[in-house]
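Structure first, commentary second.
Below, chains carry the letters A, B, ... as their sequence lines are ordered, and counting in each starts from 1. These values consider heavy atoms only, across backbone and side chains, with no hydrogens, waters or symmetry-generated copies.
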Amino acid sequence: MNPPPARIALLGPRQARPNVDEALSALDATGRVALVTAGWQEWEDDEDRVRALVGDRGANLRLYGRAERVWSADPELAAAHHELQERVRALRRAYNVRLARTMEAWIELERLDGDSAVMDSERGDAMDAVRALDRHHEERLRDLRQGFYDRYDPLMRGAVVREREEIRRILGGVAAVVVAGGHVAVLLNRLRLFGMDELFAGKSVVACAGGAMVLGSRVVLFHDSPPWGPGHAEVGEYGLGLYPSVIPFPDGSARLRLDDPGRVGRMARRFAPADCVVLDEGTRLVFRDGAWRADAALRLDASGGIRAWADAS
Amino acid sequence: MRWIPDAESAALPDPDVSGLAIARLLDGPPPSEEDVRAFLGQGEFPLLEGNRCTFAFLGPADEVRLRHWVYGLPTSEPLHRIDGTSLWWYVLDIPDGSRIEYKLEVRRGNEVEWIRDPLNSREARDPFGANSVACGPGYEAPPWTKVDPAVPAGTLEDRVFQSRALGVRELTIYRPPRFKESRRYPLLLVHDGGDYVRYAALEPVLDNLIHRLEIPELVAVLTHPPDRMEQYRASEAHGRYLAEELVPQLERDLPLLGTPEGRCLMGASLGAVASFATAVQYPGMFGRLLLQSGSFAFSDIGGHGRGPVFDPIADFVNQFRRNPSRVSSKVFMSCGTYESLIYENRSLVPLLERTGMDVRFVEARDGHNWENWRDRLREGLSWLFPGPLWLVYD
């Protein structure tokens with residue numbers, strides 16, 4: 001894990017200024033804040049949304065627009081990044097083919113009756129296969145990205161250095177950063193391109209929904225009922241690793257079938273020892289002084305239930 | 001006293017009406033006008049009680065018949081008149097989730113007219129007018145088919161295209177909300193596009209599914225054929241128009257992905273035939289197909305039994321059945337179980353699967369109509385083009 005920021009607050013979806021202000025207060029952060037809205041993509045400058053989030057106290061780092069400038073100024077890096085993304089997509093396709101079969105086997109064994117002296121160990125083995133596949137996928141993603149960094153070293157390239165200096169200058173004038181949600185792959189790529197994990201060091205960070213996902217160690221993509229059929233949560237990426245031991249599930253009450261103990265229990269066991277935390281609207285999870293504190297957060301339990309964070313701690 | 005059927009309906013089995021509201025009028029003395037008014041005033045007609053649906057008609061007539069297009073049932077069923085009244089009734093078992101479009105045929109002397117049910121406000125429009133609609137328990141029009149003022153709307157632009165193969169063609173281009181020239185979009189080519197807009201709510205469906213992130217932002221090109229009965233019957237000229245003229249021009253004019261996975265042909269009935277035939281004529285060019293209630297007539301032995309209009313289609317489908325090949329990557333098919341075409345559509349599915357295409361086939365308790373096709377769009381479009389729902393967390 002990278003050196004963590006001083007303090008971090010994770011919020012759920014559809015955040016508005018009062019929630020963000022309260023979170024900043026919980027981190028003792030005052031004054032102006034820097035803002036990351038790269039997950040909104042071409043619409044990262046949407047003034048109405050920015051104002052709704054932080055009022056007039058925010059300086060938008062415009063990481064999406066900066067990345068576009070980098071691609072224009074450094075076509076070699078742009079092409080290499082494009083190629084990396086194609087490989088990541090191909091890897092994801094392969095992972096999903098394997099994940100579907102491995103998950104189905106685990107689910108089927110959980111349904112199957114039989115001598116528990118035999119079946120318990122088979123079920124455990126099926127779960128281990130899913131966990132091993134998740135680890136494998138994460139390692140392959142790290143390998144792919146490391147290959148890209150070793151060869152192109154983005155942080156040393158002129159176009160990136162110039163943008164990064166400006167980002168560093170803006171961050172020098174603020175005590176906290178607010179990372180909005182949106183498209184997590186786009187957001188994470190921009191945070192990585194500019195080495196934001198290092199630049200966040202010592203800052204308080206408030207991260208909303210997708211923003212909360214990408215700052216953790218593992219980015220788990222999920223929806224139990226997408227319209228195109230049953231969905232298995234997938235390890236989408238490894239994150240910036242700015243906080244420990246929690247995998248956030250923004251809007252989890254809407255996107256997960258929390259009334260299905262089988263699904264809930266499998267999710268909790270699959271990603272243990274990390275805690276799977278439902279980040280609904282109004283939820284706040286704060287990490288400071290080396291410990292988590294929660295406001296209205298729910299945790300998925302290995303037994304298939306849902307527990308309030310405080311109950312489970 | 002039990003109601004005694006008239007001479008004609010006496011030939012039919014006495015319908016079981018036990019437990020239904022209509023039974024109270026049939027048992028006992030002939031109902032008064034007040035009884036009839038009370039019966040009709042108890043709710044929306046046809047009156048649904050569990051899975052039993054009572055159709056009613058009030059008015060002078062010599063004969064009233066229920067006309068529907070449910071394959072497997074007689075297409076014309078007589079309503080019974082209650083003696084001493086002008087109230088006609090008929091009870092139909094209707095399964096959960098069903099939708100049935102129908103009209104009433106009313107005969108007075110030698111005059112016969114087909115009318116929409118005056119007691120039923122639920123109607124479905126189509127190019128031939130409108131039908132009344134009866135729904136089984138649990139059917140609701142999906143919320144994503146309705147205009148939501150809070151959802152940003154795409155735009156429509158009419159264009160004229162000069163085709164070497166087919167002459168002047170009219171098109172409408174749907175651009176998604178927040179359209180940007182700097183992006184690259186999938187292309188959805190919609191046969192009978194105007195009908196999809198008018199009768200299958202295509203605009204709000206696309207707006208809503210995009211807003212929900214269930215499909216990506218996409219460009220839809222709606223074609224308006226001047227002579228679909230000719231050009232949609234596996235016409236090679238029509239295939240040339242799409243694949244060699246229209247799509248290349250669209251990919252020059254609009255920011256489209258321009259890959260097979262980014263091109264989808266879509267259509268219903270003959271439009272599904274036109275879509276599939278074009279994909280067969282240009283294998284590999286269209287990676288996505290959305291085929292609804294395709295008129296895929298074929299014959300294993302003898303004729304196809306659907307009349308000469310279907311001859312070119314049967315020739316095409318028979319030829320494909322003899323030599324099936326992988327012409328696309330993903331194919332979504334849907335068909336109503338109340339359509340006669342369910343046989344042809346079910347027959348095509350294993351054939352397509354054997355070629356290695358990824359096929360999803362969905363059946364619904366509905367008929368050959370636009371609202372059936374509308375109601376399947378979410379599943380079809382989101383399966384062919386999954387949206388960023390999985391990746392966006394706001």
Has B/Glu157 got more than 12 heavy atoms of other residues, nucleotides or ligands less than 6.0 Å from its CD? yes
Looking only at B/Ser182, B/Gly387, B/Ser382, most heavy-atom pairs under 4.5 Å shared with chain A are made by B/Ser382
Taking the six-membered ring for Trp and the single ring otherwise, decide whether the centroids of B/Tyr393 and A/Phe222 are under 6.0 Å apart. yes
Per-residue contact mode, A/Ala212 against chain B (heavy atom under 4.5 angstrom): neither
Minimal heavy-atom distance between A/Arg255 and B/Val392, with the atoms involved, is NH1-O, 3.3 Å
If you count heavy-atom pairs under 4.5 Å with chain B, which of A/Val186, A/Leu187, A/Val184, A/Leu221 comes out on top? A/Leu221
Between A/Gly182, A/Ala209, A/Pro250, which shows the greatest number of heavy-atom pairs under 4.5 Å with chain B? A/Gly182
Do we see a donor-acceptor contact under 3.5 Å between the side chains of A/Gln41 and B/Arg178? no
Heavy-atom count check: over 12 atoms from other residues, nucleotides or ligands less than 6.0 Å from A/Arg101 CZ? no
If you count the non-hydrogen atoms of other residues, nucleotides and ligands that lie under 6.0 Å from CD in A/Glu47, is the total more than 12? no
Determine whether A/Pro227 and B/Leu209 make a side-chain contact, defined as any pair of heavy atoms from C-beta on separated by less than 4.5 Å. no
Roughly how far, to the nearest 0.5 Å, is NE2 of A/His223 from CG of B/Leu213? 9.5 Å
Just wondering, are more than 12 heavy atoms of other shown residues or ligands nearer than 6.0 Å to CZ in B/Arg360? yes
Below 4.5 Å, heavy-atom pairs only: which of B/Leu384, B/Leu389, B/Ile215 has the largest tally toward chain A? B/Leu389
Shortest non-hydrogen pair, B/Trp390 vs A/Pro226, comes out as CZ3-CG, 4.2 Å
